[in-house]
Amino acid sequence: MYKDNLNNKVKGLLGEALKPLRMNEIAKVLKIKSDQPEYQELKLLLKELVAKNTVSKSKRKRYTMIGVVPSTIFEGVLKISNNYGVVRTDNPGMSGITIKHRDLNTALDGDKVRVAILGSKSRRSFNGEIVGIVERKKSKIVGTLDFDGNFYFLIPDEAKYYVDFLIPKESLKGAKDGDKVAAKFVVWDDPHKSPQAKVTGILGKAGIPKVEFESVAEEMGLPMEFPVDVLAEAERLKHPRNLKSFKNRADLRNELIVTIDPHDAKDFDDALSLRMLDNGNYYLGVHIADVSNYVKENSILDNEARFRATSVYLVDRVIPMIPERLSNEICSLKPNEVRFAFSVFIEFNKIGTPVNYDIKESVIRSRRRYAYEEVLYIIETNNNGNNNNNDNDNPAKIKKNNKSNIIRNTAIKDDNTELILSLHRLSEKLKKRRLESGGINFSTSEVKFTLNDEQYPVDVELKTTTKSTSLVEECMLAANQIVAGHVKAIEKKHKLKMELPFIYRIHEDPDPKRISEAVEFVNSLGYHLPKKNVKSKDINRLMKQIKGKPEESLINQVLIRSMAKAIYTTDNVGHFGLGFDAYTHFTSPIRRYPDLLVHRLLKEYSKGRVNVKRIKDLRLQLKFITKHSTEKEKLAMEAERASNKLTHAVMAKDHVGKVFDGTISGVVAYGLYVLVDGLYAEGLLHIKDLIGDYYLFDEKHYKLVGRRSKQAFSLGGRIKVKLVKVNIEKRNIDFTYVKS
């Protein structure tokens, strides 16, 4: 039966593929890993099909169906960037088709389109032309209204809209020249004419920061308000005060449990406890807000949370997944308040290896709320002189504000120091073990803005990983990994014959072509990575070698860009970046719907009474939910990036004319993107402003090279620039080059 099924899948795949496929490509599409028994069955099947002349095998070990002429028309979703498009299809041999501007033929970003192949630049790269619109993406278009004396045009904020939209006078809805508006696409059926749209809302005058902040949420289609019935259902929910409601829950109200979060956090969905056992082992407790106790399956609240899928954190606001009545009050693990939780207890031996675990519904009372700065202060002032001189971890060198000073002054005034230090020691062991078993130690950072009472940005700082943030992260990673593996234990315990559907957070192995290009670049700098089969341990060894060197940021960027993106799915293929065979998201149900669903699934599965029909229904539901949640997560990340870019533009407006030192963060054919010190803002240095020579784009080595002088501007290089122009509406910053 399995062989017949595999036979049909292989024939179907090769019959649809535009180009011959290698065995590892076939296995990847069919989700068969090389260390599985099925891989050998696939190998034998291909050999058999070749012997029967059903499939041909080339000298380069590529397989194709005999007698099948592949189609040259494909369907996919169009994404537009830098004035050209890419159509992503489901066909394994045609994952991305490049569309030049002249071949877009009225298609817009996000549209589902039909594309015809025009030619091939290489075995992996194809050019195409849009030949039909299957479905228009329903999205808001936000921009500035412009009147040219005869007609009104909407000039979109987002570069993905490569044309301006005509707004008929009857569709203005009261908007005037210079207004920032939200609009809806109406029609575009002739590429030689302007597309039409109609105004759906007036945000205010363009260029005003408050109005521009509002436009980010509008253009991304983020739901700003909760429906009345959702809020009403949330208001009916009560705090956990009735002792009867504690039945069947582990009562942990007398345990020493604390939360550790950013100092400005308003919701607290995770808490920690730790005991040292008589055998010298650690007994870690990870306690997560039990949102599933309140948000019931298919309730009004649940439907809204499923639709939103994630909370979105913009600079000026948070757009929550669930109403604040739940996120900030009833579910939030606030200090000295009784709350329902879902607790994962893990016993680790002295080197950080898990030897036992337990998962329980619980009731807790957090004793203390800590900010990251407080915990870092405790660790650094009680480390017995073991300072590693990491400036990011040194409180004396961290940029301080009044709130941070107050936090540090109060951190020493409690009696939980030993708990914090023990958690820190455990987290260091967990990290060491994780990296040794395959996790990658990339360095990441993010910007944090300070807004005044008028929501205007007045300061920005760069946040990097510290001992306190790492403490929490390692504990959460451990809990997520335990939960991901727990489902198999449930199947075994209840002797279930069917595999239980579940949500996994996966990170696939890097694409061979992209990682090989990154390896070639890294090796050109004098370092060494294997040209084939790059392992995480190879990357970690490199990370240690470049620590503190000028090229550290550059190599870090290049390697991160070569990695796949983490997604939600029901098919567990492991997490390459973390080095885990199985991983899920369990620890943030207040802000991520997959986490909430994982809680719900664990409760249902632990009862051991899941019938076949329910399993089939769940399997279908989870496939939709994981795909939807991944898409919403991408949208949230786009919105957060847009919000950051806008805030940087607003701050940069006050610095026009100033000279900055910066780092080249991007190299493209038309210039350099530069991240300047102090502002941590990225802007464009156009190639035309690199005067004195004609510069050629070396895409392979991420640099621009002067044809005459041979002067090179490379990714990660240091450069001096002058800030000359800011466009708040477009969120653009422009620099000119200043010779050192």
Side-chain angles (χ1 to χ4, degrees), residues 1-78 86-99 112-132 134 506 508-517 532-533 564-565 567 569-574 576 619 623 627:
M1 182 66 74
Y2 175 81
K3 184 178 179 181
D4 290 342
N5 189 33
L6 183 62
N7 183 46
N8 292 335
K9 285 183 178 180
V10 169
K11 287 181 179 178
L13 176 62
L14 293 177
E16 293 177 1
L18 185 66
K19 65 183 183 71
L21 300 177
R22 295 192 301 268
M23 181 168 167
N24 67 331
E25 292 175 316
I26 297 170
K28 185 175 181 180
V29 174
L30 299 180
K31 295 183 173 58
I32 299 173
K33 299 180 81 170
S34 59
D35 58 353
Q36 292 177 326
E38 290 84 352
Y39 192 86
Q40 292 303 318
E41 292 189 37
L42 173 61
K43 196 172 184 178
L44 290 172
L45 175 64
L46 286 170
K47 188 175 182 180
E48 184 179 310
L49 290 173
V50 170
K52 291 179 178 179
N53 287 324
T54 303
V55 169
S56 67
K57 181 182 179 182
S58 70
K59 291 182 180 179
R60 301 185 67 185
K61 298 182 180 180
R62 287 174 166 82
Y63 297 89
T64 186
M65 286 289 289
I66 293 175
V68 173
V69 179
S71 170
T72 58
I73 303 291
F74 299 88
E75 284 191 6
V77 176
L78 173 68
V86 175
V87 175
R88 302 291 179 191
T89 78
D90 293 331
N91 188 291
M94 191 59 58
S95 57
I97 306 167
T98 301
I99 314 295
K112 187 175 182 180
V113 299
R114 288 191 184 91
V115 56
I117 302 301
L118 297 178
S120 173
K121 294 184 286 185
S122 69
R123 287 189 181 89
R124 290 176 172 268
S125 184
F126 298 86
N127 289 324
E129 176 187 14
I130 304 296
V131 293
V134 178
I506 69 161
E508 294 187 289
D509 292 354
D511 176 81
K513 181 175 183 291
R514 296 186 69 179
I515 193 68
S516 66
E517 290 173 351
K532 292 183 178 180
N533 300 319
K565 303 299 182 187
I567 63 170
T569 179
T570 56
D571 299 315
N572 178 35
V573 297
F576 178 80
R619 193 165 282 132
K623 282 191 179 295
K627 183 179 179 181

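Because the structure is a prediction, the values reported are computed rather than measured.
The two residues N127 and I97 make their nearest non-hydrogen contact at C-CG2, 3.9 Å. Closest non-hydrogen pair, M23 versus L46, comes out as CG-CD1, 4.1 Å. Closest approach of Q36 to K31, counting heavy atoms only: OE1-O, 4.0 Å. Contact detail for I515 and P510: the closest heavy-atom pair is CB-CB, 4.0 Å. Residues V134 and V113 share a closest heavy-atom pair of CG2-C, 3.9 Å.
Checking side-chain atoms of K33 against main-chain N and O of V573 turns up a donor-acceptor pair under 3.5 Å.
Remark: K28 NZ to E508 CD distance equals 5.5 Å, nearest 0.5 Å. Considering CG of N533 and CG of D509, their distance stands at 10.0 Å, rounded to 0.5 Å. To the nearest 0.5 angstrom, L49 atom CG is 13.0 Å from K47 atom NZ. Atom CD of E25 sits about 9.0 Å away from atom CG of D511, to the nearest 0.5 Å. We find the NZ-NZ distance between K9 and K11 to be 15.0 Å, quoted to the nearest 0.5 Å. Here the OH atom belonging to Y63 is positioned 7.0 Å from the CD1 atom belonging to I26, to the nearest 0.5 angstrom.
Residues F576 and I506 are not in side-chain contact: their nearest non-hydrogen atoms beyond the backbone lie 4.5 Å or more apart. Looking at heavy atoms from C-beta onward, V115 lies out of side-chain contact with L78 at the 4.5 angstrom threshold.
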Notebook entry, point to check: How far apart are the C-alpha atoms of V77 and T89, what are their side-chain angles, what is the distance that settles it, and do they pass the side chain to side chain contact (heavy atoms under 4.5 Å, CB included) test?
Noted result: CA-CA 7 Å; V77 176; T89 78; over 6 Å; no
Margin query: side chain to side chain contact (heavy atoms under 4.5 Å, CB included), that's the test. Do K623 and D571 meet it? Break it down for me.
Written below: CA-CA 9 Å; K623 282 191 179 295; D571 299 315; 4.1 Å; yes
